[in-house]
Amino acid sequence: SSLLEKFHSQKALSSMLDNHLFNVLLGSLSIADRARLLSASSPHASSWLTVIPSEGQGLHLDPPVFQTALKWWLGLDTAEGSLCALCPDKMLDPLGHHATTCKRGGDVAFRHNKLRDILAETCRRAHLSVQVEAGCNLTSDHSHSRPADVLISNWVLGKTAACDFSVTSPLNSKILSEAGVTAGAAAHATELRKHEANDAKCSDLGWICIPLVVESYGAWGKEALETFSMLASRLATSSSRPKSMVLSELYGRLNLHLVRANVRAILCRLSCPHQEYI
């Protein structure tokens with residue numbers, strides 16, 4: 001009993017010391033680096049680092065990609081003083097914000113679709129009925145927008161869930177001041193915008209709107225965390241595996257592909273792109 005109490009007291013003391021050092025570090029950083037570190041230290045954000053590499057399953061990063069990923073993750077300069085190869089009038093910033101949010105070149109869509117496909121595949125493994133990119137022209141206003149990247153039938157209380165993916169950056173100037181103080185602020189703000197845009201459309205169709213928002217550094221929004229937990233429970237039941245293992249693998253896959261897509265965007269925008277490594 002005394003040994004157990006000593007262990008818990010040491011653990012508590014170590015946690016207090018870690019928190020103190022973390023806060024000291026935050027206080028020494030710029031607002032952009034604080035936003036980066038708060039996002040990168042959020043639950044599951046670093047899960048990509050724990051994935052067992054497997055080229056056959058697409059769970060690997062080639063050396064040049066991994067090196068750039070670590071530089072970007074640690075806040076080191078990834079720009080190398082270059083102009084964006086796709087936006088010649090735009091200088092790349094050291095933290096990679098422009099590269100990971102640039103609409104040119106198709107990298108934003110590539111990243112979004114990869115996350116969407118991982119969720120759809122995971123749902124099918126859990127024996128859930130899913131549709132991809134659903135809802136176009138179905139609402140009363142005949143909107144061409146798709147409120148569901150992944151539509152999951154019988155999700156909760158017999159209702160269908162319209163899951164809408166979005167990747168947002170905590171370094172965006174509109175949210176930076178808040179993201180530099182509160183972890184997940186960018187994801188939360190995007191969740192609210194998604195509800196404002198899609199709630200009425202989903203209600204018209206009898207669906208539940210579920211924004212699945214992740215920040216570029218891997219911090220997931222509250223609704224995504226809840227959704228993935230429920231999905232992991234279903235998959236764990238159907239596969240007779242521990243939920244913790246299923247959930248860890250899901251976050252690992254999602255965040256590995258998120259980081260890989262971000263690095264793809266960074267490398268492809270350097271003056272001498274390393275496209276052969278992507």
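Position 1 is the first residue of the sequence, and the numbers go up from there. Just so it is clear, the model here is predicted, and its values are computed rather than measured.
- Annotation for Ile52: atom CD1 does not count as buried by contact number, only 12 or fewer foreign heavy atoms lying within 6.0 Å.
- Sorted by first and then second residue, the salt bridge (charged side-chain N to carboxylate O under 4.0 Å, His left out) pairs with a member in residues 173-197 read Asp164-Lys194; sequence neighbours excluded.
- Using a distance-only test at 3.5 Å, with no hydrogens or angles considered, no donor-acceptor pair links the side chain of Arg234 to the main chain of Cys123.
- Residues Ala120 and Val132 share a closest heavy-atom pair of CB-CG2, 3.9 Å.
- Every pair passing ring pair (Phe, Tyr, Trp, His ring centres under 6.0 Å) that includes a residue from residues 18-63 is listed here, sequence neighbours excluded: His44-Tyr251, Trp48-Trp73.
- Using a distance-only test at 3.5 Å, with no hydrogens or angles considered, a donor-acceptor pair links the side chain of Ser41 to the main chain of Leu37.
- Taken to the nearest 0.5 Å, the OG atom of Ser39 stands 4.0 Å off from the CD atom of Glu215.
- Between Val213 and Phe165 the shortest side-chain heavy-atom distance does not fall below 4.5 Å.
- In summary, the side chains of Glu223 and His195 do present a donor paired with an acceptor at a separation below 3.5 Å, with no hydrogens or angles considered.
- For the pair Leu231 and Leu128, the minimum side-chain heavy-atom distance is below 4.5 Å.
- Side-chain contact annotation: Asn172 with His97, donor-acceptor N/O pair under 3.5 Å absent.
- Across all their heavy atoms, Leu176 and Ala32 have their closest contact at CD1-CA, 3.9 Å.
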